[in-house]
Amino acid sequence: MTTATPSLPLFVLGRGSDPESERGVDCPGSLPPASDPDLVRRAAAAKATLGDRLFVLGHHYQRDEVIAFADVTGDSFKLAREAAARPDAEYIVFCGVHFMAESADILTTDAQQVVLPDLAAGCSMADMARLAQVEDAWDALVDAGLDQDTIPVTYMNSSADIKAFCGRHGGVVCTSSNARRVLEWAYARGRRVLFLPDQHLGRNTAVLQLGLDLDDCVVWDPRRTDGGLTTEQLTAATMVLWRGHCSVHGRFTAEAVADVRARIPGVQVLVHPECQHEVVTAADQVGSTEFIISAIENAPAGSAWAVGTELNLVQRLAKEHPEQQIVFLEKTVCYCATMNRIDLPHLVWALEELVAGRVPNRIVVDPQTAAEARAALQRMLDLPG
Ligand code: 13P
Ligand code: SF4
């Protein structure tokens, strides 16, 4: 029997210190004030001074003021590939969240240094699966004699030690743009998947793309003894979903889909697969941030879209495509608080530190964890397509 592992205690974002979790730590430096009218010039000057020694990656959910300085923008899959493809850049400044910077460190050479401009840019979803909890779940599968035909699959949005766990147990990483292909890979190797940490991406991909039934899926709740599941339920399941979710995408509702359809005739509802199953099934299209962007870029002028993903991206799309009507799906959903931690003052501070010869907020994954996590990441990167 496994006992429930307690959840992480709360602390105010950006205050307090917990380098072991995705919640990050305080910024150690003195930041320029956000009101400094010189910030754009300072960022541009520091970037020019660093030249080819620097490569700045920007996730699509970053603020416009930060995206303006990104050498490349992308979803987490594209950014992982881009980081791996720049062995000449001495410094990789990652404008995104902590698990992305960890993946960049794992995929780059030892000579390269990855910087996260604000260490408080973590991810609440990644924090919902901690290694001790995942090991407890795995022990339950071992005790039930099920581990040999179970493949652990973790979403990119997880800490490096969870990716390493998957690497150790013959598993793999996926992102929202390749979850289907990765699950096909996994089911070719085992009859059951343990999917970490986003239950919604796991369920949506299994049911809507691979044709599994909702009844084939069970949810392992790390806060309950034995995950809240019987051995019979674990044995029968082909998809064991971790009870985790995105605190942004998990808040879109099927009512908002019905509401926007009533308000905007002919609107197309386009959502990210981190949304709840009932939202995804009510929508017209579902896909990763890269998919959402290309759906809108390729749509004819005059089309109307209600988009269920992070607000920075939706606002940017609306600004870039005035020929279309683009609205945010849900009135009460906010920006991703941790993505928004990276702002221009933090970026300026990080770049100026690099110019001064100091490497701030370096993200380093220990060699053993990195090697095992790399195995799981590499299995994903080696898949065709
Ligand atoms: P993608 O970048 O895979 O679309 O994931 C979205 C997300 O929530 C990143 O934090
Ligand atoms: Fe994490 Fe969701 Fe924010 Fe992405 S959008 S960083 S999954 S909380």
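Everything quoted here is computed from the prediction, not taken from an experiment. Heads up: numbering here begins at 1 and tracks the sequence. Whatever order the structure lists them in is the order used to number ligands and atoms, beginning at 1.
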>> Less than 4.0 angstrom from a charged side-chain N to a carboxylate O is my criterion; do Asp71 and Lys47 meet it?
In response: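 Lys47 and Asp71: salt-bridged.
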
> Can we say Arg42 and Glu352 salt-bridge, meaning some charged N sits less than 4.0 Å from an Asp/Glu carboxylate O?
Replying inline: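 Salt bridge: yes.
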
>> Could you go through Val93 and Leu354, starting from their C-alpha distance and side-chain angles, then the distance that decides it, and tell me whether this counts as side-chain contact (heavy atoms from CB on, under 4.5 Å)?
In response: CA-CA 10 Å; Val93 170; Leu354 291 174; 3.8 Å; yes

>> Is there a path of hydrophobic side-chain contacts, each under 4.5 Å between heavy atoms of I/L/V/M/F/W/Y residues, joining Ile106 to Val364?
In response: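 Hydrophobic grouping puts Val364 apart from Ile106.
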
>> Assess the residue pair Arg362 and Gln113 against the criterion (side chain to side chain donor-acceptor pair (under 3.5 Å)); give the C-alpha distance rounded to whole Å, side-chain angles, the decisive distance to 0.1 Å, and a yes or no.
In response: CA-CA 7 Å; Arg362 184 171 173 200; Gln113 309 195 60; 3.2 Å; yes

> Protein N/O/S atoms under 2.8 Å of atom 2 (Fe) of ligand 2?
Replying inline: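 Metal shell, protein only: Cys246 SG.
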
Would [X] count as a polar contact of ligand 1, with the cut-off being nitrogen or oxygen pairs under 3.5 Å?
{"X": "Asp75", "value": "no"}
{"X": "Thr175", "value": "no"}
{"X": "Ser76", "value": "yes"}

> Of all residues at least two apart in sequence or in a different chain, which pass the side chain to side chain contact (heavy atoms under 4.5 Å, CB included) check with Ala299?
Replying inline: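 Testing Ala299 for side chain to side chain contact (heavy atoms under 4.5 Å, CB included), a comparison that skips the adjacent residues, returns Ser303, Trp305, Gln324.
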
> Starting from atom 1 (P) of ligand 1, which protein heavy atom do you reach first, and at what distance in Å?
Replying inline: Ser176 OG, 3.4 Å

> In the protein, which heavy atom is nearest to atom 2 (O) of ligand 1, and how far is it?
Replying inline: His59 NE2, 2.7 Å

Can you list the atoms of ligand 1 that are under 4.0 Å from a heavy atom of [X]?
{"X": "Asn157", "result": "7 (C), 8 (O), 9 (C), 10 (O)"}
{"X": "Thr289", "result": "1 (P), 2 (O), 4 (O)"}
{"X": "Met100", "result": "9 (C), 10 (O)"}
{"X": "Met339", "result": "10 (O)"}
{"X": "Glu274", "result": "5 (O), 6 (C), 7 (C), 8 (O)"}

> At their closest point, which heavy atom of Met156 faces which heavy atom of Ser103, and how far apart are they?
Replying inline: SD-OG, 3.5 Å

> Between Pro345 and Glu65, which heavy-atom pair has the shortest distance, and what is it?
Replying inline: CD-OE2, 4.3 Å

Does some non-hydrogen atom of [X] fall short of 4.0 Å from ligand 1?
{"X": "Met125", "value": "no"}
{"X": "Glu310", "value": "no"}
{"X": "Tyr155", "value": "yes"}
{"X": "His272", "value": "yes"}

> If we ignore angles and hydrogens, is there a donor and acceptor under 3.5 Å between the side chains of Asn312 and Asn340?
Replying inline: yes

> Is it true that the side chains of Tyr155 and Ser76 contain a donor and an acceptor less than 3.5 Å apart?
Replying inline: no

> What part of Thr309, side chain from CB on, backbone N/CA/C/O, both or neither, has a heavy atom under 4.0 Å from ligand 1?
Replying inline: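 Looking at Thr309 and ligand 1, no heavy atom falls under 4.0 Å.
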
